[in-house]
Amino acid sequence: MKNSDPVPLREQNEIDESSKTANDGDKKKEKDKQQDKKKKKQRNLWPLKALVITLFLSFAVNAGSELVLTGAQWWLATILTCVILVLGVLFDMIGTASTACDIEPFLSMASRKVKGAKTAVKLTKNSHIVSSVCCDIVGDICGIVSGVCAAAIFISLTSGFAENLNSIAQFFIKVGISAVVSTATITFKAVGKNFAVNNSNKIIFGVAKVLSVFHKEG
């Protein structure tokens, strides 16, 4: 009789533990469902946010470039074109890297409280937004502005002797400048994408460390 008493008690403890485990599992599933719903809602709202951001950024950048480039010398327009080109390539690399990087090393670093790791995790989890902002919004705006810069270079170069050039010569000069700018943009972006895919984690962690300077990681 003494030996049979602990058996029901042990069985009861096992039942309690299994019930607790099941309850914890249900709570975790419910929490995961709520997080999934929240993410889906954010994704559904993102196109509208992207529309507003693009509208204001396009207006601001185009207005600024028109003010700066109106009557500007060809060398100033060329420098601005190079700056816009570099920005477009850099942001394109960041957007590409965000979709290609592996989140596991960042999670490991975040558990060790490495500075910038939590920001890198956020960037990776929201790669669709990072890619859209960097590649689509910023990239497209840079492409438009570089076209404006190319037109400014043409006007500046031909302003002194436009009357001596026939329409065919002006056409080829204008198309030639635009072709050079377009070729440089496409070539550097292609090289940048390849570099970003092969060094995605380094790029995202570098961006995260820079961003972590301006905000406190939670």
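Bear in mind the structure is a predicted one, so any value in this text is a computation, not a measurement.
Hydrophobic clustering (side-chain heavy atoms under 4.5 Å, transitive across Ile, Leu, Val, Met, Phe, Trp, Tyr) keeps Val197 apart from Val89. In the hydrophobic cluster analysis, where Ile, Leu, Val, Met, Phe, Trp and Tyr join through side-chain heavy atoms closer than 4.5 angstrom, Val180 is grouped apart from Ile155. In the hydrophobic cluster analysis, where Ile, Leu, Val, Met, Phe, Trp and Tyr join through side-chain heavy atoms closer than 4.5 angstrom, Ile186 is grouped apart from Phe195. Linking Ile, Leu, Val, Met, Phe, Trp and Tyr residues whenever their side-chain heavy atoms come within less than 4.5 Å leaves Val191 and Ile84 in two separate clusters. In the hydrophobic clustering of ILVMFWY residues, with side-chain heavy atoms under 4.5 Å counting as a link, Val213 and Val210 come out together.
Between the CG atom in Leu80 and the CH2 atom in Trp75 there is a gap of 11.0 Å [rounded to 0.5 Å]. Separating the OG atom in Ser131 from the CD1 atom in Ile94 is a distance of 11.5 Å, to the nearest 0.5 Å. To the nearest 0.5 Å, atom OG1 of residue Thr187 and atom NZ of residue Lys189 are 12.0 Å apart. Note: Asp102 CG to Ser108 OG = 11.0 Å, rounded to the nearest 0.5 Å. Taken to the nearest 0.5 Å, the CD1 atom of Ile177 stands 7.0 Å off from the CZ atom of Phe154. Of the inter-residue distances, the one linking Leu48 atom CG with Ile53 atom CD1 reads 10.0 Å to the nearest 0.5 angstrom.
At least one side-chain heavy atom of Val175 sits less than 4.5 Å from a side-chain heavy atom of Phe171. Val133 places none of its side-chain heavy atoms less than 4.5 Å from the side chain of Phe91.
Leu85 and Ala184 make their closest contact through CD2-CB, 3.9 Å (heavy atoms, listed as atom of the first residue, atom of the second, distance). Between Ser200 and Cys101 the shortest heavy-atom distance is OG-CA, 3.3 Å. The two residues Ala77 and Ala152 make their nearest non-hydrogen contact at CB-CB, 4.1 Å. Nearest heavy-atom pair, Trp74 versus Ile153, reported as atom, atom and distance to 0.1 Å: O-CG1, 4.2 Å. Residues Ala208 and Ala120 share a closest heavy-atom pair of CB-N, 3.5 Å. Nearest heavy-atom pair across Lys115 and Lys209 is O-CG, 3.8 Å.
With respect to Ile204, the side chain to side chain contact (heavy atoms under 4.5 Å, CB included) criterion is satisfied by exactly one of Ile103, Asn199, Thr124: Thr124.
A donor-acceptor pair under 3.5 Å links the side-chain atoms of Asn126 to the main chain of Lys122, judged by distance alone. With hydrogens and angles disregarded, a donor-acceptor distance shorter than 3.5 Å links the side chain of Ser98 to the backbone of Gly95. Side-chain N or O atoms of Thr99 include one that pairs as donor or acceptor with a backbone N or O of Thr96 at under 3.5 Å. For Thr185 (side chain) and Val181 (main-chain N/O), a donor-acceptor pair under 3.5 Å exists by modelled atom type.
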Inset, instruction - I would like to know whether Ile168 and Phe172 meet side chain to side chain contact (heavy atoms under 4.5 Å, CB included); could you show each step before the answer? - result: CA-CA 6 Å; Ile168 296 176; Phe172 278 106; 3.5 Å; yes

Inset, instruction - For Asn198 and Asn194, run side chain to side chain contact (heavy atoms under 4.5 Å, CB included): C-alpha distance rounded to whole Å, both residues' side-chain angles, the deciding distance at 0.1 Å, then the answer. - result: CA-CA 6 Å; Asn198 295 326; Asn194 185 53; 3.7 Å; yes

Inset, instruction - May I have the step-by-step check of side chain to side chain contact (heavy atoms under 4.5 Å, CB included) for Val114 and Phe205, ending in yes or no? - result: CA-CA 11 Å; Val114 178; Phe205 188 55; 4.0 Å; yes

Inset, instruction - For the pair Val86 and Leu90, evaluate side chain to side chain contact (heavy atoms under 4.5 Å, CB included) and give the outcome as yes or no after the intermediate values. - result: CA-CA 6 Å; Val86 170; Leu90 285 177; 3.9 Å; yes

Check: residues 135-145 side-chain donor-acceptor pairs under 3.5 Å, at least two apart:
none

